[in-house]
Amino acid sequence: MTLIFDPWPWYVSGPLIALVLFLLLMVGKNFGMSSNLRTLCTICGAGNSSDFFKFDWKSQRWNLVVVLGAIIGGFIGSQFLSNDLAVALHPNTIENLDTLGFKSAGESYLPTELFDSSVFTDIKGLLILAIGGLFVGFGTRYAGGCTSGHAISGLSNLQWSSLIAVIGFFAGGLTMVHFIFPLIF
Amino acid sequence: MRTLIYLLIGILFGITMLKSEAASWYRIYEMFRFESFHMYGIIGSTVVLGVLIIQTIKRFNIPSFYGEPIVFTPKAKSVSRYLFGGFIFGLGWALAGACPGPMFTLVGAGFTPILVVIVSAVFGTFLYGLVKNKLPH
């Protein structure tokens with residue numbers, strides 16, 4: 001049982017994500033989470049501002065149900081399938097994060113500096129979350145997919161476009177971590 | 001019935017995102033510093049199995065559980081949109097430490113500040129819709 005309550009290693013997690021991809025294909029759907037952001041825009045009435053959001057969102061209802069499942073899964077995973085959510089990071093990562101001011105690295109699931117509810121009164125923390133989210137939402141639609149749509153579905157289908165997108169993901173992530181983090185933290 | 005199946009697949013996905021720590025900001029940071037194999041192992045093993053699954057489905061024309069053909073729609077050919085869009089996505093992925101699947105998982109795990117990320121991501125998608133025609137694709 002301890003195997004379930006401990007964090008799952010990559011060789012368990014990877015095949016389970018592949019199983020999700022397989023199950024979705026077998027019910028006739030393509031694995032891609034970021035389209036839900038567009039669907040949410042449409043539900044909020046964005047079709048009045050841009051034709052990009054004029055589509056029958058009910059055709060995407062299934063994907064919103066998957067999202068609802070992902071939320072429930074997060075609840076089950078954290079409440080019933082975990083003893084301790086601390087992430088066992090590499091010691092060098094912990095040391096590096098400590099110098100950047102992240103004191104809970106190695107002891108928590110997410111940095112308390114950004115994801116504790118005290119962030120709601122911290123302008124800098126809020127800005128980091130908001131700008132991060134903004135880039136994710138803008139970039140993923142511009143690129144036509146995210147980690148699930150490109151890195152998993154697209155690469156699995158041997159699509160060149162997805163390989164280019166994944167190279168872009170990494171170029172952006174490396175730039176942020178190595179060049180921009182030292183400026184903001 | 002189908003709705004229940006989608007819900008169960010989503011639950012499996014959410015639990016896996018949480019338990020694999022792919023939903024952890026820290027793991028994304030560690031990945032971009034190349035200090036752990038963990039995230040590469042997850043993505044790599046998923047893709048290797050994914051290639052096998054999709055190639056098998058294509059080669060043997062395996063129908064869906066409902067007997068319908070499984071269709072793969074290739075993405076439009078382009079370099080700029082994938083590279084520029086991907087780059088912007090990557091900046092946000094590293095900063096917020098979450099991509100569009102795990103950010104919902106974190107809501108369920110009770111990290112309320114992730115709602116700021118989600119609302120901003122919806123807004124970012126909206127902004128893209130507004131300026132879409134002015135961008136190189």
Side-chain angles (χ1 to χ4, degrees), chain A residues 8 10 13-14 16-18 20-23 26 28 33-34 37 40-41 46 50 52 62 65-67 69-75 77-78 87 90 92-93 110 115 119 129-130 132-143 146-147 155-157 161 164-165 168-169 171-173 176-177, chain B residues 6-7 9-11 13-16 18-21 24-26 30 32 35-36 38 41-42 45-47 49-51 53-54 64-65 75 82-83 85-96 99-101 104-105 107-109 111 113 116-117 120-122 124-126 128-130 132:
Chain A
W8 295 354
W10 63 264
S13 311
L16 283 173
I17 302 170
V20 169
L21 170 79
F22 172 73
L23 290 173
M26 292 306 283
M33 298 304 289
S34 67
L37 299 172
L40 289 174
C41 284
S50 164
F52 180 61
W62 69 272
V65 176
V66 175
V67 165
I71 296 175
I72 298 172
F75 178 77
S78 60
V87 178
H90 191 279
N92 291 353
T93 313
L110 299 175
F115 292 95
V119 79
L129 296 178
L134 195 74
F135 282 4
V136 166
F138 188 96
T140 193
R141 208 65 275 128
Y142 191 1
C146 63
T147 332
L155 288 185
S156 294
N157 194 25
S161 46
I164 301 170
F169 296 169
M176 178 55 71
V177 162
Chain B
Y6 300 137
L7 190 71
I9 295 174
I11 291 175
F13 176 61
I15 293 176
T16 308
L18 189 102
K19 292 299 298 178
S20 67
E21 299 175 337
S24 167
W25 186 99
Y26 288 129
E30 188 187 45
F32 285 127
E35 284 172 333
S36 168
H38 186 74
I42 294 177
S45 60
T46 306
V47 171
L49 290 170
V51 170
I53 289 167
I54 292 184
S64 75
F65 289 138
K75 304 259 184 198
Y82 299 118
L83 210 51
F87 187 83
I88 297 170
F89 173 84
L91 290 174
W93 188 17
L95 192 59
C99 43
F104 291 101
T105 298
V107 174
F111 297 99
V116 177
V117 179
S120 312
V122 172
T125 299
F126 175 66
Y128 169 75
L130 294 186
K132 179 178 183 286

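Proteins come first, then strands; the chains are lettered A, B, ... in the order of their sequence lines, and each starts at number 1. The figures here come from the full heavy-atom set of this structure, side chains too, leaving out hydrogens, waters and symmetry mates.
Between B:Ile15 and A:Gly77, the closest heavy-atom pair is CG1-N, 4.3 Å. Closest approach of A:Leu21 to B:Gly50, counting heavy atoms only: CD2-CA, 3.7 Å. The minimum heavy-atom distance linking B:Phe13 with A:Ala70 is given by the pair CD2-CB, 4.1 Å. Looking at every heavy atom in both residues, A:Leu110 comes nearest to B:Trp25 through CD2-N, 3.4 Å. Of all heavy-atom pairs between A:Leu155 and B:Val47, the closest is CB-CG1, 3.9 Å. The two residues A:Asn92 and B:Glu35 have their closest heavy-atom pair at CB-OE2, 3.4 Å.
Note: B:Leu91 leads B:Val51, B:Leu91, B:Ile42 in heavy-atom pairs under 4.5 Å with chain A. In terms of heavy-atom pairs under 4.5 Å with chain B, the best-connected choice from A:Gly132, A:Gly73, A:Ser13, A:Ser156 is A:Ser156. For the set A:Ser78, A:Cys146, A:Ser161, A:Ser34, the entry with the most heavy-atom pairs within less than 4.5 Å of chain B is A:Ser161. Contact count against chain A (heavy-atom pairs under 4.5 Å) is highest for B:Ala121 among B:Gly41, B:Ser64, B:Ser45, B:Ala121. Of the listed residues A:Val20, A:Val87, A:Val67, the one with more heavy-atom pairs under 4.5 angstrom with chain B than any other is A:Val87. Counting heavy-atom pairs closer than 4.5 Å to chain A, the top residue among B:Tyr6, B:Phe104, B:Phe126 is B:Tyr6.
If you measure heavy-atom distances from B:Ile54 to chain A, the contacts under 4.5 Å come from the side chain alone. Only the side chain of A:Phe52 comes within less than 4.5 Å of a heavy atom of chain B; its backbone N, CA, C and O stay farther away. In this structure, chain B has a heavy atom under 4.5 Å from the side chain of A:Val119, while its backbone stays farther away. Heavy atoms closer than 4.5 Å to chain A are found in the side chain of B:Lys132, but not in its backbone. Contact annotation for B:Ile53: only side-chain heavy atoms (C-beta onward) come within less than 4.5 Å of a heavy atom of chain A.
How far OG of B:Ser36 is from CH2 of A:Trp10: 11.0 Å, rounded to the nearest 0.5 Å. A distance of 7.5 Å separates CD1 in B:Ile88 from CZ in A:Phe135, rounded to the nearest 0.5 Å. Atom OG1 in B:Thr125 sits 6.5 Å away from atom CZ in A:Arg141 (nearest 0.5 Å).
With sequence neighbours excluded, the residues satisfying ring pair (Phe, Tyr, Trp, His ring centres under 6.0 Å) with B:Phe89 are A:Phe169, B:Trp93. By the ring pair (Phe, Tyr, Trp, His ring centres under 6.0 Å) test, A:Phe22 pairs with no residue at all, sequence neighbours left out.
Put simply, the side chain of B:Phe65 reaches to within 4.5 Å of the side chain of A:Leu23, judged on heavy atoms. Side-chain atoms of A:Thr93 and B:Tyr26, non-hydrogen and from C-beta on, never get closer than 4.5 Å to each other. For the pair A:Val136 and B:Cys99, the minimum side-chain heavy-atom distance is 4.5 Å or more.
Judged by distance alone, with hydrogens and angles left aside, the side-chain atoms of B:Thr46 form no donor-acceptor pair with the main-chain N or O of A:Ile17 at under 3.5 Å.
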